[in-house]
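Chain identifiers are assigned alphabetically (A, B, ...) following the order of the sequence lines, protein sequences preceding nucleic acid strands; residue numbering begins at 1 within each chain.
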Amino acid sequence: MRNIEPAVLKRLYQEMLRIRLIEERIAELYPMEEMRCPIHLCIGQEAVAVGLCAHLTRDDYVLSGHRSHGHYLAKGGDLKRMMAELFGKVTGCSKGKGGSMHMLDLEAGFLGATPIVGGTIPIAVGAAFGTVMQGENRVTAAFFGDAAVEEGVFHESLNFAALRTLPVVFVCENNLYSVLSPLSVRQPSGREIYHLAQGHGVESFQADGNDVVEVYNLAGRAISKARRGDGPTFLEFKTYRWREHCGPNYDIDLGYRTEDEFQEWRSRCPIDRLKKHLKGKGLITDLEAEDMENSLRAEIDEAVEFAGESPFPEVEALEQHIFAP
Amino acid sequence: MHRELKYSQAVHEAIELCMARDRSVYVMGLGVPDPKGIFGTTLGLKDKFGAGRVLDMPASENGMTGVAIGSALVGMRPIMTHQRIDFALLALDQIAGQAANWHYMFGGQARVPLVIRMIIGRGWGQGPQHSQSLHAWFAHIPGLKVVMPATPYDVKGLLIASVEDDNPVVFIEHRWLHNITGDVPGGLYRVPLGRSRVAREGDDLTIATASYMTLEALRAAEMLAEEGLNAEVIDLRTLKPLDEAPILDSVRKTGRLIVADTGWRSVGFSAEVVARVTEAALDHLKAPPRRVTLPDCPTPTSRALADFYYPSARDIVATAWGMMGLEVELPVMQETAGALLDVPDKSFTGPF
């Protein structure tokens, strides 16, 4: 796949598989009702997070929205602390006060995720603005979905990022639905999302979000450009959420999307596609793939165990951290 | 050394001192570097500190509040300015949803040191969308501090303390205060957030108030004193966190409470003060607490209506006599006899 080192391809594969296995484990555990918070799984959409974050260092920043597990993990967020957060434990990445929709890992440069659609886009622009004002050379990426471009704050953010030539990469994961509402009832047909960003004077691209190599290549361009001080880029990646908007289940039976549509996207699984390529080129053997999967599962087992065994916050925590001292 | 400054000059001096001391402080808002400089409060700052730290901005209140938050998360200390509080309504998700929650929802690991200046006012036909006194909304939200200084001394000290605070602070200035003068020391000093001030001592009645209504309350207290009634005036200064103890102490002494507020009556900040007093000091009350507020009505534009809309010292005095069970003929107030009520004084020629 187009001039990418085999080692990089293998790493992309491993990262995507890791997120997939973590999300599947969450889906499996969710019915036990130990994770008592809304969860938005990114199964099917792993390539965007992985291809993008592969170019970011720990000093770069990422902000995200409600469906943030993949972004958090791809940016290097701590798995144990994420799992503990879902369990509402004090060892969680937000000390049990945030849950799945409010995660951060400052050491990893994951500056925060919050679920009001579009809400963290200007915060990402502001982080980039702050780094520029302080003379730092960091890139900030904002992840959001297709509905976020319907929010006024999206346009406000792009306008300012373009005005100030800020080192931001806007990453739109267009999975065609906002909760159960399809794009067709929300946005005019024939008007591409990435054209909106062009209208703001932000260089924009649209690509297959289920092709991690395509994501990786475009992201590489956008991030190098930002690092050079040449301003923001908007990337629209078409992708698809396999499971329900919120929760662990499949939801094709609801009737808002068709089985055919789902199967079509499922056949374009980003992980299977890369695995097929790696095997075809002899870059990975069945045994290697199996080893990789086993060690990932062991890591996940350990994280789940850590989350289960961790204590809940003490009641004193209730009114702690309302104000910073 | 005695030094008189206008309230607006005290705001300016506070910003200037904060910016000179700390390179992470920057000022942003529509019109901040323009020739009028937010009623003079930001005049000349661009020349002194450069366009990189004194910024105009797109008319994108919500987005730009997010930008301020994001910059604060990575080490900056923004002072954002809205020429009217009403424009901040466009930014409610960023203020109430994001900034207010950020420290708590991430378990205390991140901070949003952000000051949002909002200007309220009255008169000169400001009308429904240029004068709403919405401090109670912001004070309702956990995680926001809300400050409403009444004097030049306090506005400087509280603004410096707000800029140095690691939390989002809604800093509300009343347009009718910008031209008042008072003693303001030079140099950096702080008035701590969350502390009220006894603006006048008295034994017969407590008037709790803030911002511009402090002036009306003090005027009312003088009028009451002429008739032998000594009112204690407590200037709350910070609404959140509220300094409750001095109000309770005062009511325990006087047995009577009037809350004079720039906001509306229903679910207003005055209701909060009354509730706290009745919860904690009911046995000390000699009369039901009373509120002097705006009526529950949008702001009319014509001064023929607005004159009846905004509460004044006269309303506080009438309320006080009512509480005492006395009917007293209200003297015609000299300064308002035949005067225009839609400006703070004759020097104020509008528009705002």
Side-chain angles (χ1 to χ4, degrees), chain A residues 61 63 85 90 92-99 101-106 111-134 136 138 140 142 151-161 163-164 166 168 313 317 319-325, chain B residues 23-26 28 52-53 55-78 80 90-94 96-114 141-145 165-169 193-194 240-241:
Chain A
Y61 293 130
L63 286 109
E85 190 60 35
V90 72
C93 59
S94 301
K95 304 201 177 158
K97 285 184 168 164
M101 297 194 293
H102 305 280
M103 301 203 302
L104 101 167
D105 187 330
L106 294 178
L111 216 49
T114 72
I116 300 304
V117 175
T120 52
I121 302 175
I123 298 176
V125 172
F129 188 45
T131 59
V132 169
M133 280 195 283
Q134 292 172 97
E136 297 172 344
R138 302 185 201 236
T140 302
E151 299 283 358
V153 80
F154 164 78
H155 300 275
E156 297 181 359
S157 301
L158 263 76
N159 178 63
F160 189 70
L163 175 74
R164 295 268 173 180
L166 295 177
V168 194
E319 295 193 31
Q320 258 171 17
H321 303 133
I322 299 170
F323 291 120
Chain B
R23 284 202 54 80
S24 64
V25 177
Y26 74 101
M28 168 166 76
R53 291 177 69 199
L55 328 168
D56 218 315
M57 68 173 212
S60 306
E61 285 79 2
N62 199 29
M64 294 312 296
T65 305
V67 167
I69 294 168
S71 73
L73 292 176
V74 302
M76 301 301 290
R77 303 187 88 85
M80 188 158 195
L90 289 159
L92 280 186
D93 171 52
Q94 291 298 327
Q98 311 290 354
N101 283 315
W102 206 273
H103 184 67
Y104 186 87
M105 71 188 169
F106 294 121
Q109 297 172 89
R111 294 173 180 204
V112 183
L114 164 65
I141 310 293
L144 294 180
K145 295 189 178 182
D165 198 283
D166 273 345
N167 298 283
V169 179
L193 273 62
K240 187 82 165 277

Which residues share a salt bridge (charged side-chain N to carboxylate O under 4.0 Å, His left out) with A/R138, sequence neighbours left out: A/E136

Looking only at heavy atoms and a cut-off of under 4.5 Å, which of [options] has the most pairs with chain B?
options	result
A/V90, A/N159, A/T114, A/L166	A/T114
A/E151, A/Q320, A/R164, A/M133	A/M133
A/G130, A/G112, A/P122	A/P122

Rounded distance [0.5 Å steps], CH2 in B/W102 versus CG in B/L114: 12.5 Å

Leading residue by heavy atom contact count with chain A [cutoff under 4.5 Å; candidates B/H103, B/E61, B/M57, B/M76]: B/H103

Residue among B/G143, B/P78, B/A100 with most heavy-atom pairs under 4.5 Å to chain A: B/G143

Where does [X] contact chain B at under 4.5 Å (heavy atoms): side chain, backbone, both or neither?
X	value
A/A113	backbone
A/L63	side chain
A/E85	neither
A/P325	both
A/I322	both
A/M101	neither
A/A317	backbone

[X] versus chain A, the contacting section by heavy-atom distance below 4.5 Å:
X	answer
B/N62	both
B/D166	both
B/L90	neither

At their closest point, which heavy atom of [X] faces which heavy atom of [Y], and how far apart are they?
X	Y	result
A/L104	B/Q109	CD2-NE2, 3.5 Å
A/A124	A/T140	O-CG2, 3.5 Å
B/K240	B/L144	CG-O, 3.3 Å

Residues A/Y61 and A/T131: side-chain donor-acceptor under 3.5 angstrom: no

Ignoring hydrogens and geometry, is there a side-chain-to-backbone donor-acceptor pair from [X] to [Y] under 3.5 Å?
X	Y	value
B/Q94	A/G119	yes
B/R111	B/A72	no
B/N101	B/G97	yes

Residues in ring-ring contact (aromatic ring centres under 6.0 Å, His included) contact with A/F154, at least two apart in sequence or another chain: A/F144, A/F234

